[in-house]
> 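Pasting in a structure now, in structure tokens, and then I'll have a few things to ask.
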Amino acid sequence: MSSYYSRSPPPLQHPVPTHPAFIPEPPSTPGPGSPPQGYHRYQPQPHIPDFAAWGMNDSTAQFGMQLGQSAVAAGHEYVQKNFGGFIPLSHLKHHFNVSNSYVMKKLQILLFPWRHRPWSRRVRRSEAGHTEWQPPRDDINSPDLYIPLMAFVTYILISALQTGLQDRFHPQILGASASRALVVLLLDLLFVKGGCYLLNVQSSSQVTDLVAYGGYKFVGVILTLLTGLVNPSRTIYLLVFSYAFAANAFFLLRSLRSVVLPDLSSTTTPVTVSHAQRKRRITFLFLEAVMQVVYMGILIRV
């Protein structure tokens, strides 16, 4: 027992280092005005495709790239020259200047337009001193193209879904639905433009405004198609379609009033309208509203 406590512990053995003892010093910090030395900041190099792997030499590849750039520039110039006057790019930017709150409020107005007030659009003075309409982000009554475009795409997808649930889907359904929607939009636009021309309506509203107003009908059509997906009774289906038509017709009556019967207090081009002209224009507004039942009836037949 005493020998156990008298035994001394074994001597410690230090491990032999396996790494080099020499550590290189970091590069010195360059002084002001002296060129940088040591480590440099990494700068990624532009990726240059290997055209040789495709059987093309460098001169042929450069010529092809220059030719492609020239074609893109020529196409952009052609579009601006031939279609820039019809739908200027600035007008498209104006109609897509929306916010999330605007989209939610606009959808609420499209589905429940009965208690909305007021309906007149707001104007502002530009930096050049000209009077122009406020963008949709700042004016809930300003027409936009974001909701009509999204509703247009949604209509095509829901049409395809409905035909798929009925076991009659075909890829041509997508093209047929898009063509049907474009034809309806074109007919509606021609009807409004023709009526404005015959009634000598001089308004500051552009073609994009009329396209936006015509595209809002897709919201009611989508509501009707979604109702049809749950297989309701024919009475409920017709009631939903009638409500969607009435909401869209009422919305157009109040919105197109600023186009057909401009308000002197909220227009960029004040004009005077006689009593007889006013009566004819109001009749035209009611015809445009009633025509929505035909357009929407065509769209729901998928």
> Once you measure the plane-to-plane angle for Y243 and F112, does it fall in the parallel (<30°), tilted (30-60°) or perpendicular (>60°) bin?
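Plane angle between 30° and 60°, so tilted.
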
> Evaluate the side-chain proximity of N141 to R122: yes if any heavy-atom separation is below 4.5 Å, no if none is.
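A side-chain contact under 4.5 Å is absent here.
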
> When clusters are formed by joining ILVMFWY residues with side-chain heavy atoms under 4.5 Å apart, either directly or through shared neighbours, do V290 and L189 land in the same one?
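Cluster IDs for V290 and L189 differ.
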
> With sequence neighbours excluded, tell me which residues meet side chain to side chain donor-acceptor pair (under 3.5 Å) with R180.
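Scan of R180 (side chain to side chain donor-acceptor pair (under 3.5 Å), adjacent residues dropped) gives Y155.
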
> To the nearest 0.5 Å, what is the distance between CG (L110) and OH (Y216)?
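So the gap between those two atoms works out to 6.5 Å.
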
> Above 12 or not: heavy atoms from other molecules or residues under 6.0 Å from CZ of R168?
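Atom CZ in R168 is packed in, count exceeds 12.
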
> Identify whether F169 and L165 are in the same connected component of the hydrophobic contact network (ILVMFWY, side-chain heavy atoms under 4.5 Å).
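F169 and L165: separate clusters.
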
> Tell me if a side-chain donor or acceptor on R278 pairs with a main-chain N or O of L261 at a distance below 3.5 Å.
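Pair absent, no side-chain N/O of R278 close to backbone of L261.
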
> Quick check: do L190 and L186 have side-chain heavy atoms less than 4.5 Å from each other?
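Side chain of L190 against side chain of L186, heavy atoms only: contact under 4.5 Å found.
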
> Would you name the heavy atoms of R124 and W133 that are closest together and state the gap between them?
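Nearest pair, atom of R124 first, then W133: NE-O, 4.1 Å.
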
> For the pair F241 and F245, name the ring-plane relationship: parallel under 30°, tilted 30 to 60°, perpendicular over 60°.
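F241 and F245: parallel rings.
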
> Is it true that, when you exclude R115 itself, more than 12 heavy atoms of the residues, nucleotides or ligands shown sit nearer than 6.0 Å to its CZ?
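Count not over threshold, so no.
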
> Of all the heavy-atom pairs spanning S159 and S177, show the shortest one and how long it is.
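Minimum heavy-atom separation between S159 and S177: CB-OG, 3.5 Å.
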
> Show your working on side-chain contact (heavy atoms from CB on, under 4.5 Å) between L199 and Q277 and close with a plain yes or no.
CA-CA 7 Å; L199 296 174; Q277 290 178 337; over 6 Å; no

> Side-chain contact test, heavy atoms from C-beta onward, threshold under 4.5 Å: evaluate it for F96 versus T208 and give yes or no.
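A side-chain contact is absent here, since even the closest heavy-atom pair is not under 4.5 Å.
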
> Do you know which two heavy atoms are closest between A289 and A249, and how far apart they sit?
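Reported closest heavy-atom pair: O-CB, 3.7 Å.
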
> Does any non-hydrogen side-chain atom of N97 lie less than 4.5 Å from one of K93?
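Of all side-chain heavy-atom pairs linking N97 with K93, none is under 4.5 Å.
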
> Nearest 0.5 Å, what's the CE-CG distance between M150 and L107?
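Here the interatomic distance stands at 12.0 Å.
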
> Does some side-chain heavy atom of F218 sit less than 4.5 Å from a side-chain heavy atom of L185?
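Yes - at least one pair of side-chain heavy atoms lies under 4.5 Å apart.
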
> If you take the centroid of each ring, where Trp contributes its six-membered ring, are F191 and F284 closer together than 6.0 Å?
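Ring centroids of F284 and F191 are less than 6.0 Å from each other.
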
> Determine whether more than 12 heavy atoms belonging to other residues, nucleotides or ligands lie under 6.0 Å from atom CD of Q166.
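Enclosed.
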
> So, for Y295 and L187, which heavy atoms are closest and what is the spacing to 0.1 Å?
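That would be OH-O, 3.9 Å.
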
> So, do P135 and H95 sit near enough that their side-chain heavy atoms are less than 4.5 Å apart?
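Sidechains of H95 and P135: no contact.
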
> Is there a side-chain contact between Q134 and V123 (heavy atoms, below 4.5 Å)?
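In short, these two side chains do not touch, never coming nearer than 4.5 Å.
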
> Report yes if the side chains of V201 and R281 come closer than 4.5 Å at any heavy-atom pair, otherwise no.
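A side-chain contact under 4.5 Å exists here.
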
> Decide whether I300 and L239 are clustered together by the hydrophobic rule: side chain heavy atoms of Ile, Leu, Val, Met, Phe, Trp, Tyr closer than 4.5 Å, transitively.
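As far as the 4.5 Å side-chain criterion goes, L239 and I300 are not connected within one cluster.
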
> Linking I/L/V/M/F/W/Y whenever their side-chain heavy atoms sit closer than 4.5 Å, directly or via other members, would V192 and F286 fall into one cluster?
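Linked within one cluster.
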
> Determine the minimum heavy-atom distance between P113 and A247, stating which atoms define it.
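Result for this residue pair: CG-O, 3.5 Å.
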
> What distance do T154 atom OG1 and L225 atom CG have between them, rounded to the nearest 0.5 Å?
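T154 OG1 to L225 CG: 11.0 Å, rounded to 0.5 Å.
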
> For the pair F250 and W114, name the ring-plane relationship: parallel under 30°, tilted 30 to 60°, perpendicular over 60°.
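Tilted.
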
> Quick one: does S255's side chain have a donor or acceptor within less than 3.5 Å of a partner on L252's backbone?
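Flag not set: sc S255 to bb L252 has no pair under 3.5 Å.
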
> Check this for me, if you would: do D209 and R121 make a salt bridge, where the nitrogen-to-carboxylate-oxygen distance has to be below 4.0 angstrom?
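Salt bridge between D209 and R121, a charged N being under 4.0 Å from a carboxylate O: yes.
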
> Who are the side chain to side chain contact (heavy atoms under 4.5 Å, CB included) partners of L223, not counting sequence neighbours?
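Scan of L223 (side chain to side chain contact (heavy atoms under 4.5 Å, CB included), adjacent residues dropped) gives L111, V240.
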
> List the steps, then state whether side-chain contact (heavy atoms from CB on, under 4.5 Å) holds for L210 with K193.
CA-CA 8 Å; L210 302 180; K193 290 294 292 183; 3.2 Å; yes

> Under 3.5 Å, side chain of H116 to main-chain N/O of P118, donor-acceptor pair present?
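Between the backbone of P118 and the side chain of H116 there is a qualifying donor-acceptor contact (under 3.5 Å).
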
> Please report the interatomic distance CD(Q162) to CD1(I173), rounded to the nearest 0.5 Å.
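Spacing of CD (Q162) from CD1 (I173) equals 10.5 Å.
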
> When rounded to the nearest 0.5 angstrom, what is the spacing between CG in L299 and CZ in R301?
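One gets 11.5 Å once the value is rounded to the nearest 0.5 Å.
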
> D144 and Y102: side chain to side chain donor-acceptor pair (under 3.5 Å), yes or no, with the steps?
CA-CA 10 Å; D144 71 285; Y102 167 84; 2.7 Å; yes

> In terms of heavy-atom contacts, does OH of Y146 have more than 12 from other residues, nucleotides or ligands at under 6.0 Å?
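It does not: Y146 OH has 12 such atoms or fewer within range.
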
> To the nearest 0.5 Å, what is the distance between CD1 (I222) and NZ (K217)?
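The CD1 atom of I222 sits 12.5 Å away from the NZ atom of K217.
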
> Classify the side-chain pair S99/S101 by whether it contains a donor and acceptor separated by less than 3.5 Å.
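Yes, a side-chain donor-acceptor pair sits under 3.5 Å.
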
> If you take all heavy atoms of R137 and V98, which pair is closest and at what distance?
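Of all heavy-atom pairs spanning R137 and V98, the closest is NH2-O, 2.8 Å.
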
> Without swapping roles, check the side chain of S142 against the backbone of D138 for a donor-acceptor pair under 3.5 Å.
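Absent.
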
